[in-house]
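Accompanying notes for the structure given below.
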Protein chains: 4
Amino acid sequence: MDFIDYLDSRPIYQQIADRYKQLILTGVMEPDEQLPSVRKLAMELSTNPNTVQRAYAALEREGYVYSVKGRGNFVRANDTLKSKQKEELKGKMKDLIKEIQAVGLDPQELFAEAMEEAAEDDRD
Amino acid sequence: MDFIDYLDSRPIYQQIADRYKQLILTGVMEPDEQLPSVRKLAMELSTNPNTVQRAYAALEREGYVYSVKGRGNFVRANDTLKSKQKEELKGKMKDLIKEIQAVGLDPQELFAEAMEEAAEDDRD
Amino acid sequence: MDFIDYLDSRPIYQQIADRYKQLILTGVMEPDEQLPSVRKLAMELSTNPNTVQRAYAALEREGYVYSVKGRGNFVRANDTLKSKQKEELKGKMKDLIKEIQAVGLDPQELFAEAMEEAAEDDRD
Amino acid sequence: MDFIDYLDSRPIYQQIADRYKQLILTGVMEPDEQLPSVRKLAMELSTNPNTVQRAYAALEREGYVYSVKGRGNFVRANDTLKSKQKEELKGKMKDLIKEIQAVGLDPQELFAEAMEEAAEDDRD
DNA sequence: GTGGTCTAGACCACA
DNA sequence: GTGGTCTAGACCACG
């Protein structure tokens with residue numbers, strides 16, 4: 001379970017944060033469930049504790065997690081997270097649509113083709 | 001014609017490169033047309049020549065322009081560029097679709113809503 | 001009677017101490033009344049005895065209780081406590097007023113609005 | 001101009017951030033004015049560049065500042081900052097009022113006395 | 001044991 | 001020169 005990709009352009013701390021956001025939003029991790037300790041996760045990913053700490057701090061700032069000194073980090077039960085996430089993704093989609101329109105292509109067509117290809121990838 | 005936005009999170013050289021990609025792909029700049037010289041454009045944008053240089057290098061590396069030593073930079077014939085650009089955007093769309101599916105949302109629904117909002121933004 | 005809130009940003013030992021300060025100052029606990037034993041309270045709150053110990057130490061240090069070796073912890077006569085507490089709160093208020101003035105806002109106005117909102121919260 | 005107080009319980013990076021928030025909100029620093037570079041400020045305060053970096057990152061996250069790679073950090077022109085700040089301070093005031101009421105004291109009286117004392121401090 | 005902060009020093013991308 | 005990320009190692013507060 002080593003989800004750091006050094007070829008990924010995102011910084012490591014953000015890859016970690018994004019990974020846990022996904023685990024939380026998809027319900028793989030349940031409210032009040034404890035995240036691995038900073039040091040332990042750092043060992044597992046063979047990265048530096050500071051880097052994990054930074055990821056956890058970001059998760060706490062954005063409301064995905066609450067942290068109790070001396071005890072650990074825990075998943076926050078927050079119903080608003082999903083809608084927040086949806087708005088964020090919709091924003092990304094809007095940006096992409098505008099980029100497509102700016103070069104004179106048809107977003108609808110590209111979307112349809114991309115859906116097709118994504119489905120194919122899934123079958124692999 | 002000052003298209004640098006310091007509040008934009010993209011680095012400056014990329015804003016410049018992106019701007020010229022768009023001008024080329026939309027046909028505003030025609031094949032073999034000459035781009036402004038590095039120094040001149042740097043003056044116009046009141047930025048560092050190194051930055052313009054980096055933008056032009058990116059454009060050349062991605063096949064949008066060709067450079068002739070001692071003469072300048074020129075737009076490459078854009079036959080293949082359009083399809084290449086389309087593939088690139090389709091790739092981005094596919095990544096976004098996968099990200100949406102990963103958190104259990106419906107890409108079709110989000111796409112429709114984003115199209116709606118993009119149209120609204122245009123009307124402003 | 002479980003007054004620990006893990007979402008509260010204050011450390012647990014302080015939540016416990018604050019709770020007892022309030023009980024003492026409001027007269028719910030009377031002078032020379034005995035506090036629960038460290039072990040018993042730790043059980044009740046399902047927390048670590050060290051934590052309760054630290055809370056009691058803080059209470060003793062600040063003069064709210066006195067401890068008798070081998071017997072337990074007892075509420076101190078609260079004659080002087082009230083005025084001490086008042087000075088402490090007045091100090092906090094003064095700091096906040098200065099902070100408000102430092103950014104050019106009007107403390108009187110903010111105070112009035114905050115009183116209003118606090119009253120509203122109470123009605124819920 | 002050394003505004004770090006090692007006796008202050010707030011972490012250093014936050015003292016720095018708070019200081020600049022105040023400078024920005026009071027208009028001492030104007031929109032698009034450049035903040036000292038990370039390294040330079042670290043020297044001035046004889047602290048570590050990482051610590052300053054952390055302060056600047058917080059300022060950017062909270063919308064007080066924008067950062068341009070290779071150029072520096074600049075004050076953001078944001079009209080909503082003042083109202084945001086006001087809400088934050090009102091929240092603090094509300095918390096304090098509730099704390100005062102919890103021990104059975106009169107907020108209005110304490111506020112008046114604190115205002116008095118704050119005025120006296122100013123005359124020194 | 002836990003998280004949070006800080007220092008020192010390195011490397012990278014960018015202008 | 002600028003900001004941003006990462007490592008290594010230390011210290012503190014908390015449970």
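Note on Asn73(D): every side-chain N or O is 4.0 Å or more away from OP1 and OP2 of dT2(F). Of the side-chain N and O atoms in Tyr56(A), none sit less than 4.0 angstrom from OP1 or OP2 of dG3(E). Between Thr51(A) and dC6(F), a side-chain N or O to OP1/OP2 separation shorter than 4.0 Å is absent. Checking the phosphate oxygens (OP1, OP2) of dT7(F), a side-chain nitrogen or oxygen of Thr47(A) falls inside 4.0 Å. In this model, the phosphate group of dG15(F) is not approached by any side-chain N or O of Tyr13(C) to a distance below 4.0 Å at OP1 or OP2.
Between Gly72(D) and Gln14(A), the residue whose closest nucleotide on DNA chain F is further toward the 5' end is Gly72(D). Mapping Ile12(B) and Pro36(A) onto DNA chain E by nearest heavy atom places Pro36(A) closer to the 5' end of the strand. Annotation: of the two residues near DNA chain F, Gln53(D) and Lys69(A), the 5′-most nearest-nucleotide partner is Gln53(D).
Distance from the side chain of Ser67(D) is smallest to dG3(F) among dT5(E), dG3(F), dA8(E). Of the candidate nucleotides dC11(F), dT7(F), dG15(F), dG15(F) has the atom nearest to the side chain of Arg54(C).
One can place CG of Leu45(C) at 12 Å from P of dG15(F), the figure rounded to the nearest angstrom. Atom CZ of Arg10(A) and atom P of dA13(E) are 18 Å apart (whole Å). Put simply, CE on Met43(A) is 15 Å from C1' on dT7(F), counting in whole angstrom units. For Leu41(D) and dG1(F), the CG to C1' distance is 16 Å, given to the nearest whole Å. Taking atom CD1 of residue Ile16(A) and atom P of nucleotide dT5(F), one finds them 13 Å apart after rounding to whole Å. As a whole-Å value, the separation of Phe74(D) CZ from dG3(F) P is 8 Å. Distance Arg39(A) CZ to dG4(E) P: 10 Å, rounded to the nearest Å.
We find that Glu87(D) and Lys84(D) are not joined by a salt bridge, their nearest charged nitrogen and carboxylate oxygen being 4.0 Å or further apart. Taking a cutoff of 4.0 Å between a charged side-chain nitrogen and a carboxylate oxygen, Glu60(B) and Arg76(B) do not qualify as a salt bridge.
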Where do Gln85(B) and Tyr64(B) land on the side chain to side chain donor-acceptor pair (under 3.5 Å) test, with the steps shown first? CA-CA 10 Å; Gln85(B) 169 81 345; Tyr64(B) 290 85; 3.0 Å; yes
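For the pair Thr26(A) (side chain) and Gln22(A) (backbone), a donor-acceptor distance under 3.5 Å is present.
Side-chain N/O atoms of Arg71(D) and base N/O atoms of dG1(F) include no donor-acceptor pair closer than 3.5 Å.
With a 3.5 Å ceiling on both atom-pair distances, the Watson-Crick or G-U wobble partner of dG9(E) is dC6(F).
How far CE of Met93(B) is from CG of Leu96(A): 4.5 Å, rounded to the nearest 0.5 Å.
Base contact: Asn48(A) has a heavy atom under 4.0 Å from a base atom. Residue Asn50(D) is classed as a base contact, given a heavy-atom separation below 4.0 Å to a base.
Judged purely by distance below 3.5 Å, without hydrogens or angles, the side chains of Tyr13(C) and Asn48(C) never pair a donor atom with an acceptor atom.
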